[in-house]
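First the structure, in the form of structure tokens, and then the observations on it.
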2 protein chains.
Amino acid sequence: MATRDYGQYSGVTRALELVGERWALLIVRDLLVGPRRYGELAAGLPRIPSNILAARLKDLQAAGILRRAPRSRVIVYELTPYGRELEPVVLALGAWGYKALGDPQEQQIITPESMTMDLRSAFRADVAAGLPATAYAARVGPAELLIRVDGSALDVRPGDGLVDLAFATGPDIRRLISGELAPEKAIATGVVEVLRGRGSSSTDSRPPSTWPPEARGPQRARRGCLRPSM
Amino acid sequence: MATRDYGQYSGVTRALELVGERWALLIVRDLLVGPRRYGELAAGLPRIPSNILAARLKDLQAAGILRRAPRSRVIVYELTPYGRELEPVVLALGAWGYKALGDPQEQQIITPESMTMDLRSAFRADVAAGLPATAYAARVGPAELLIRVDGSALDVRPGDGLVDLAFATGPDIRRLISGELAPEKAIATGVVEVLRGRGSSSTDSRPPSTWPPEARGPQRARRGCLRPSM
DNA sequence: CCGGATCCTATTGGATACTG
DNA sequence: CAGTATCCAATAGGATCCGG
């Protein structure tokens, strides 16, 4: 490995030598949602310089964490089985970091990939096991997600579709994800606004008032990445 | 936070802003074993420059992850409750990294703290639940550890004491920790050498032959940190 | 336009020396 | 022992450029 090593024979140091550099785990996080093209990764990591993205992709590939795969004339990057085994690491980091998250700042964006992984990190299989199979359309700030819960399995992915229930939330969903707020209380206090109906999407509704007005309309900053704006 | 941020509102980015810098998670790892003094941390992280250690301690303290605590005239650093919640992150990273670990290289050391956390990462509560309470003295390469298993609880700490069973292992213990090798096979193949007896310590035995000769004697490089030497 | 490579500057980390 | 201060090397950031 080209990366500077820690001079220690241990699992944590080895892991940090492979994925400890800046941006590396964020690339892995986005690829945990699915294979992505170079430009899609760049769009989801708004501040990454293109030379750093290229360098990380090269390093992660050399480490056997991801691979370049040609998909009908375009190249996508996808995790190897070993790379996918980083999912517990990313989920644990996300769950921990979510507790230290305050209100969104100006210039902080939410991407579909980041919100997808944040929701996965909040999923409690034991709780979900008692629920009937349900599909949700969620608008979490500016990201639109399709969520399916079936037994103790969770499927979250960016997008839309036919669902049983649609809901929209503001930035306070973080209190729900971090476990600070119970789901019933979230609905009762308006943190989560339930939009009933077996409809198609959530595009026929407005986000709850906790989102500032300027965040309501879709303000595309870059391909597929919207800013919560405040 | 002074650290450069990722411009994203998500749990993983927030976590990486707090503990994503070089050396930070290794300091947390060592403090998960117990409170440590500045010099003890420096000894356990052999290549860390003292200015970096000082800077990280300051940042981690500002982030509410650790605190300086006066203990009878000396200052120790200890994790806050929030800092201790990083344990799942460190264990997941260690378990993942262990699978990518090859044989120890020259100049790679093993510290009691690193080996303690590596063993914790390999602990399977469900398996241990069926075993009687037992205390082990383990010499893992150059580190001497006291291991107690009771029900589904594991207690690993650097040190020695009265035990039920003593054993010594070479670098191939990594195949045991990573799950590649079953315990019975490890003993059968000599990866783990069992030194029977309800004795006091493992100091009356030699490590298995898989450790190179020059590693057999205790070669203290720095306080409490020994090198496996190849 | 996508997928990078290159160049240059700004920031951070690393090694060593030094101090209360 | 518990850190600072200094200086230099390495890395990240930003802009631009290039080939398909």
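Below, read A as the first sequence line, B as the second, and so on, with proteins coming before strands; counting in each chain starts at 1. Here the structure is a predicted model, which means the values were calculated and not measured.
- For the pair A:E21 CD and C:dT12 P, the interatomic distance rounds to 16 Å; values are reported in whole Å.
- Rounded to whole angstrom, the span from the CG atom of A:L45 across to the P atom of D:dG13 amounts to 11 Å.
- Rounded to an integer number of Å, the gap from A:N51 CG to D:dA10 P is 17 Å.
- A sub-4.0 Å separation between OP1 or OP2 of D:dG13 and a side-chain N or O of B:R4 is present.
- To the nearest angstrom, P of D:dA2 lies 10 Å from CG of B:L41.
- Using cut-offs of 30° and 60° for the angle between ring planes, the A:Y82 and B:W96 rings count as parallel.
- The pair A:D150-A:R148 fails the salt-bridge criterion, with no side-chain N (NZ, NE, NH1 or NH2) lying under 4.0 Å from an Asp/Glu carboxylate O.
- A cation-pi contact links B:R22 to A:Y6, judged by a cut-off of 6.0 Å to the six-membered ring centre and 45° from its axis.
- If you measure from atom CZ of A:R56 to atom C1' of C:dG4, you get 15 Å, rounded to the nearest angstrom.
- Distance B:L53 CG to D:dA2 P: 11 Å, rounded to the nearest Å.
- Between A:R68 and C:dG4 there is a side-chain polar atom (N or O) within less than 4.0 angstrom of OP1 or OP2.
- Close to C:dC2, at under 4.0 Å from its OP1 or OP2, lies no side-chain N or O of A:R37.
- In this structure, A:D5 atom CG and D:dA10 atom C1' are separated by 15 Å, rounded to whole Å.
- The distance from the CG atom of A:L32 to the CD atom of A:E113 is 11.0 Å, given to the nearest 0.5 Å.
- At least one side-chain nitrogen or oxygen of B:Y77 sits closer than 4.0 Å to the OP1 or OP2 atom of D:dG3.
- At least one side-chain nitrogen or oxygen of A:W23 sits closer than 4.0 Å to the OP1 or OP2 atom of D:dG13.
- The CD1 atom of B:I27 sits 13 Å away from the C1' atom of C:dG13 (whole-angstrom rounding).
- Applying the 4.0 Å criterion to OP1 and OP2 of D:dA2, one finds that B:K58 has every side-chain N and O outside that range.
- Contact of the A:R47 side chain with the B:R4 side chain is not registered, since no non-hydrogen atoms from C-beta on lie closer than 4.5 Å.
- When distances run from any side-chain atom of B:S50 to the nucleotides D:dG13, D:dT4, C:dG14, the shortest one goes to D:dT4.
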